[in-house]
Amino acid sequence: MSSIITLTLPGEIMFVRFASQTAASLARLLTDENPPASDGAQFVHDFELAVSEAFTNSVKYTGEHDALQMLTLTFEFQPRQLTVSVRDANPPFSIDRPAPDIEKGQIGGWGLMLISKVMDSVTYRRDGGSNILSMSKAI
Amino acid sequence: MSSIITLTLPGEIMFVRFASQTAASLARLLTDENPPASDGAQFVHDFELAVSEAFTNSVKYTGEHDALQMLTLTFEFQPRQLTVSVRDANPPFSIDRPAPDIEKGQIGGWGLMLISKVMDSVTYRRDGGSNILSMSKAI
Amino acid sequence: MNITETSNGGVAVVALEGRLDMLSAPEFRNNRSIIDPEKTVVLDLEKLDFLDTSGLGAIVGASRQKQNLACGIVLSCMNDKVRRVFEITKVQTLFHIFDDTAAAIDFATNRQSAST
Amino acid sequence: MNITETSNGGVAVVALEGRLDMLSAPEFRNNRSIIDPEKTVVLDLEKLDFLDTSGLGAIVGASRQKQNLACGIVLSCMNDKVRRVFEITKVQTLFHIFDDTAAAIDFATNRQSAST
Ligand SMILES: Nc1ncnc2c1ncn2[C@@H]1O[C@H](COP(=O)(O)OP(=O)(O)O)[C@@H](O)[C@H]1O
Ligand SMILES: Nc1ncnc2c1ncn2[C@@H]1O[C@H](COP(=O)(O)OP(=O)(O)O)[C@@H](O)[C@H]1O
């Protein structure tokens, strides 16, 4: 059985912590209900981190023409997995990009890379005029 | 300027803390942005308490025929005031009920009374098949 | 919620930690010393971070199951959050309330021996 | 985020507490010692509860403004959460990192006097 929780909020950076802490609350609830075999605190932190990165990107890359938009975070709460999808109306982008190579002096571009490393699966799709970035992690 | 934040979640008691802690997060964000003249911690606690009471009631009083329903919490985030509205599809009810008199041995029925005491204003309306309980508190 | 129980002569000290709400109320109600009508309990509320009226109802309900209605459950160490809920609802008038657990234990022990 | 600054000889110890993300990055960047290209800084990360790549970018950006690129900013006392972000991104390779602040101060002081 899975539960769907939806959070709609303004794409303003002032809400980045609220968004990621809301994600952390749900992750904590999941680990309380189903104590993980491995490190529960890291599960919660990784989930919080991924949402902070995704929310920040949605705020940063609105494109020049866009006024303030509402963002939608959808959480799918399952007994042993939590999925979050972040929907924005930004220009399309790709998640298949080479990781920045710090030895070649490439600085930045770490957000999507970090998300892919701390989550178990990340998918991107374009739906109408929206980007939907979905990120799952199992406990 | 005000921001609207909407949270939709299953009317299951397992989410009561998530709902009230989400409310507390927003209340804390408001007090961080606009330090209150009086006690910020009490503002946050009162807000959390009111949402815990309202969410619990929405779960408890679904009426016999109702299967699991989704509840909607809408937060209106203003510079010096936070409002939360809880929408459910339960049978209608009234918030104008006498406070239980403990000296007469009346026990229980404290939820709406507590909400009205810790919040600045409480309104109820019936909208289509839904109850909407709105609760505001200024800092 | 965490429930820690220690025995002090004939009196059980039950310390609550965390949140007492509709979610944790059943666990509280089913606690061995809470449920036992003959057991006098000192309820230590110092580390109770959050209490709403569902939790309050569980405390009142439990005290009504006690043989000794007036002091089957004695309260100690309320913090400000918890006190606020007891005060607004006037439920404080139903209980004997102490600032420290030692005083609550003394009181409960005396009352218990007086009634036997 | 709280920023506490103490001076230790010519080295500034800047301790971060709370969250360093896109919201608090400007405050970090504009800190007096961080912004001063001639100032060597030991950044104490012990009480930094949360760091994401916006915060990381602010730290890297600040170190690139320093006259002494290699050790204008020296890091100390990373907790597990912060370390995870530095490791995954490999940004750890750009910094001198110490487990305790005293060692970081010693190192920074030596490097500073060597370069003058
Ligand atoms: N939500 C988004 N909307 C539009 N573009 C995005 C979004 N997220 C990421 N991108 C694009 O992907 C690129 C890589 O993002 P990221 O890995 O987070 O690194 P950075 O933000 O440092 O560039 C961004 O520069 C941007 O062009
Ligand atoms: N969300 C709701 N949906 C339907 N009925 C409600 C709702 N909230 C409150 N009520 C009604 O109002 C009454 C008073 O609620 P409350 O003051 O919280 O006390 P209690 O829940 O202890 O009865 C309830 O018994 C119920 O009949």
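Chain letters run A, B, ... following the sequence lines, proteins first and then strands; every chain starts at 1.
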Side chain from CB out, backbone as N, CA, C, O: work out which of these in C:L94 comes under 4.5 Å of a heavy atom of chain B, or both, or neither.
side chain
Proximal component of C:T89, with respect to chain B [non-hydrogen, under 4.5 Å]:
both
Are any of the side-chain heavy atoms of C:F50 and B:L49 separated by less than 4.5 Å?
yes
Can you find a heavy atom in the side chain of C:V85 that is under 4.5 Å from one in the side chain of B:W110?
no
Measuring heavy-atom distances to chain C, does B:E48 have an atom under 4.5 Å in its side chain, in its backbone, in both, or in neither?
both
As an exercise, state the distance from [atom1] of [X] to [atom2] of [Y], rounded to the nearest 0.5 Å.
{"X": "B:I115", "Y": "C:T53", "atom1": "CD1", "atom2": "OG1", "value": "8.0 Å"}
{"X": "B:H45", "Y": "C:L51", "atom1": "NE2", "atom2": "CG", "value": "8.0 Å"}
{"X": "B:F18", "Y": "C:L23", "atom1": "CZ", "atom2": "CG", "value": "14.0 Å"}

Side chains of C:D52 and B:S52 only: does a donor on one sit below 3.5 Å from an acceptor on the other?
yes
Lys/Arg-Asp/Glu bridge criterion (N-O < 4.0 Å) met for C:R84, B:D46
yes
Pick from B:V16, B:N57, B:I13, B:T56: which one makes a side-chain contact (heavy atoms from CB on, under 4.5 Å) with C:S54?
B:T56
What residue in B:K60, B:M113, B:K117, B:Q42 has the most heavy-atom pairs under 4.5 Å with chain C?
B:Q42
Are there over 12 heavy-atom neighbours, none belonging to [X], within less than 6.0 Å of that residue's [atom1]?
{"X": "C:D80", "atom1": "CG", "value": "no"}
{"X": "C:R32", "atom1": "CZ", "value": "no"}
{"X": "C:D99", "atom1": "CG", "value": "no"}

Please determine, among C:R19, C:M22, C:K90, the option with the most heavy-atom pairs under 4.5 Å with chain B.
C:R19
